[in-house]
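One-based numbering along the sequence shown. These numbers were taken from a predicted model, which means no experiment stands behind them.
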Amino acid sequence: MANLLQSPAHASAVPFSRPPTPGVHPLQIGFCGLGAMGYFMARNLANSFKSQLPPLLVYNRTVAKSQKLLAELGASAVKVADTLSQLATECDVIFVNLANDAVVASIYNEFAKALAQSPPTKVKIFVEMSTIYPTLAGDLDRLLSSYPHTHLVTSPIFGPPKGADNATLVIAMSGDYRSKKEVAFLLVPAVGRKVIDLGENVEKAPTLKLIGNGMIMGMNELLAETLTLGEKSGIGQQTVYGLVKEIMPAPGLVAYGHKMVNDLFDGTVGFAIDGGIKDANHIRRLSAELNCPMPAVDNTHRSMISARAMHQAQMVAGTQQWDILDWSALIASSRIAAGLNPFDSKKGTGVVRED
């Protein structure tokens, strides 16, 4: 009967039947990591379930982020955890969204210490939403499965901070079937619009995440080269961008093209270039291990490294416009190679073609 309660739209967005109705004690949900994506996801979770579940328990290394969310939503929706141990022991489902593999591994080691001191007596699900190398997911699964009733679901997300804000993310998911079912109905539609199920091997969702990010960054590299050629030819990057919107209006192309042609390279409101370089390193490692060359990713990696080097030189000179660079700034590499200003397209030296 549970499936009959789903709307057709929701049934296509979540590839699982609805989980059983919670028992006497409602789920306690926790969230670790209130960064550019995590803050919006945690806020949307808290808002979606504030009348049905206890306040969302949140933890962030910088406590000010947790306090900001508490101030925004109130104590009826959010409670601030003092320690990672509190999050691990008090919550039934813990969402984790962090910057890199080293931080992820460190946090889970802290979770493991807490579980060793207070072994779970009922099902506990850790939901790993960070972009990590697939083998780390396997390591985390082995670590957590050594404790009773404890499961790992890998659930990386596709979309920019605006997508997290608007709850339009696409969610990849792999792990224990019953756990995925529970998690999927918490995330859709509260956090995202669709779940892609990749089976029980927890390494599969992080693999798809890397494949997807490789596609996006390769697209960004080609977009950057094309816009630069448009500018250098005298056609103008805005005209080329207009063509992109007419013949290839994919959301990513439109969004990143808008950033490039308007020099909107503030990484604090986008995806920091350090994160892009980290992802590129992961993808290049994966492609090497599988003997599957990805030259587009290699080129993108080089462009991001070049853009970061230029930005760091500006920081040393005190002339930088942004403290953190967005990964769309990889266009700086194409611009400088073409004799244009790397970060300010208004200072271009385009060639005006004559009829």
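Contact detail for L34 and F31: the closest heavy-atom pair is CD2-CD2, 4.0 Å. Between T131 and K209, the closest heavy-atom pair is OG1-CE, 3.0 Å. The two residues A280 and V297 come nearest to each other via the heavy atoms O-CG1, 4.2 Å. Listed here is the closest heavy atom pair of L169 and P160: CD2-O, 4.0 Å. Residues F49 and A190 approach most closely at CE1-CB, 4.1 Å, considering heavy atoms. Closest heavy-atom contact between M310 and P342: SD-CB, 3.6 Å.
Side-chain contact between K180 and D176: absent, with no pair of heavy atoms (C-beta onward) separated by less than 4.5 Å. In this structure, S306 and I336 have side chains that are not in contact, with every pair of non-hydrogen atoms separated by 4.5 Å or more. You'll find the side chain of I331 stays beyond 4.5 Å of the side chain of K259, heavy atoms only. You'll find the side chain of H151 stays beyond 4.5 Å of the side chain of V202, heavy atoms only. Proximity of N100 to V103: side-chain heavy atoms (C-beta onward) are separated by under 4.5 Å at one or more points. Taking 4.5 Å as the limit, every side-chain heavy atom of I125 sits out of range of all side-chain heavy atoms of I94. Between V127 and M129 there is a side-chain heavy-atom pair separated by less than 4.5 Å. With a 4.5 Å cut-off on side-chain heavy atoms, S328 and N220 do not count as touching.
Under a hydrophobic-cluster definition in which Ile, Leu, Val, Met, Phe, Trp and Tyr are linked whenever side-chain heavy atoms come within less than 4.5 Å, directly or via other members, L115 and V104 are assigned to the same cluster. One hydrophobic cluster, built from ILVMFWY side chains closer than 4.5 Å, cannot hold both I211 and L198; they sit in different ones. The cluster map of Ile, Leu, Val, Met, Phe, Trp and Tyr, joined by side-chain heavy atoms under 4.5 Å apart, puts L187 and F185 in the same cluster. Note on V153 and L186: same hydrophobic cluster, where clusters join Ile, Leu, Val, Met, Phe, Trp and Tyr whose side-chain heavy atoms are under 4.5 Å apart, directly or indirectly. Linking Ile, Leu, Val, Met, Phe, Trp and Tyr residues whenever their side-chain heavy atoms come within less than 4.5 Å leaves V80 and Y59 in two separate clusters.
A donor-acceptor distance shorter than 3.5 angstrom exists from the side chain of N60 to the backbone of T62, with no hydrogens or angles considered. A donor-acceptor pair under 3.5 Å links the side-chain atoms of Q86 to the main chain of D82, judged by distance alone. Remark: side-chain polar atoms of T300 are paired, donor with acceptor, to backbone N or O of M217 under 3.5 angstrom. Between the side chain of K194 and the main chain of I171, no donor-acceptor pair closer than 3.5 Å is present. The backbone N or O of S174 lies less than 3.5 Å from a partner atom in the side chain of T154, making a donor-acceptor pair. A donor-acceptor pair is defined here as one N or O able to donate and one able to accept, closer than 3.5 Å; no such pair exists between the side chain of T319 and the backbone of A317. Of the possible polar contacts, none joining the Q237 side chain to the L227 backbone as a donor-acceptor pair under 3.5 Å is found. Judged purely by atom type and a 3.5 angstrom limit, S106 has no side-chain atom pairing as donor or acceptor with the backbone of A102. Distance alone, capped at 3.5 Å, places no donor-acceptor pair between the K50 side chain and the L45 backbone. Using modelled atom types, one side-chain atom of D101 and one backbone atom of Y133 make a donor-acceptor pair closer than 3.5 Å.
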Practice item. Start with the C-alpha gap between S85 and K113, add the side-chain angles, then the distance that decides, and say whether side-chain hydrogen bond (donor to acceptor under 3.5 Å, both in side chains) holds. Key: CA-CA 8 Å; S85 176; K113 292 177 184 177; over 6 Å; no
Check your understanding: Going through the checks in order, is the side-chain contact (heavy atoms from CB on, under 4.5 Å) test met by L57 and I29?
Key -> CA-CA 6 Å; L57 190 62; I29 304 175; over 6 Å; no
**Study point:** Trace of the salt bridge (charged side-chain N to carboxylate O under 4.0 Å, His left out) decision for K124 with D92
**Key:** CA-CA 5 Å; K124 188 179 296 289; D92 302 300; 5.5 Å; no
Review point. Passes side-chain hydrogen bond (donor to acceptor under 3.5 Å, both in side chains), E128 versus Y108? Steps please.
Key: CA-CA 10 Å; E128 179 47 53; Y108 277 87; 2.8 Å; yes
**Study point:** Test log, rule ring pair (Phe, Tyr, Trp, His ring centres under 6.0 Å), inputs Y177 and F16
**Key:** CA-CA 9 Å; Y177 181 82; F16 311 108; 5.5 Å; yes
Practice item. Start with the C-alpha gap between S334 and E225, add the side-chain angles, then the distance that decides, and say whether side-chain hydrogen bond (donor to acceptor under 3.5 Å, both in side chains) holds. Key: CA-CA 6 Å; S334 294; E225 294 173 9; 5.0 Å; no
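For the pair K68 and Y39, the cation-pi criterion (under 6.0 Å, within 45° of the ring axis) is fulfilled.
Contact check on R284 versus D298 returns a salt bridge, with a Lys/Arg side-chain nitrogen under 4.0 Å from an Asp/Glu carboxylate oxygen.
No side-chain donor from either of N213 and H282 sits under 3.5 Å from a side-chain acceptor of the other. In this model, no donor atom of one side chain and acceptor atom of the other lie less than 3.5 Å apart for S118 and T89. Side-chain contact check for D263 and S345: at least one donor-acceptor pair (N or O, by modelled atom type) lies under 3.5 Å. Judged by distance alone, the side chains of Y241 and E246 never bring a donor and an acceptor atom under 3.5 Å apart.
Ring pair F126/F111: centre-to-centre distance below 6.0 Å.
Classification of the F265-F343 ring pair by plane angle, with boundaries at 30° and 60°, yields perpendicular.
Residue pairs that meet the side-chain hydrogen bond (donor to acceptor under 3.5 Å, both in side chains) test with at least one member in residues 158-171, sequence neighbours left out, are R43-D165. For residues 134-143, the side-chain hydrogen bond (donor to acceptor under 3.5 Å, both in side chains) pairs, not counting sequence neighbours, are D139-R142.
Distance check: L210 CG to R285 CZ gives 10.0 Å after rounding to the nearest 0.5 Å. Between I324 atom CD1 and D266 atom CG the span is 8.0 Å, to the nearest 0.5 Å. Here L286 contributes atom CG and N281 contributes atom CG; the two are 12.5 Å apart, rounded to the nearest 0.5 Å. Note: H301 NE2 to E221 CD = 12.0 Å, rounded to the nearest 0.5 Å. Remark: L253 CG to H258 NE2 distance equals 14.5 Å, nearest 0.5 Å. For the atom pair CG of L70 and NZ of K65, the computed distance is 15.5 Å after rounding to the nearest 0.5 Å.
Residue-environment remark: NZ (K181) exceeds the threshold of 12 foreign heavy atoms within 6.0 Å.
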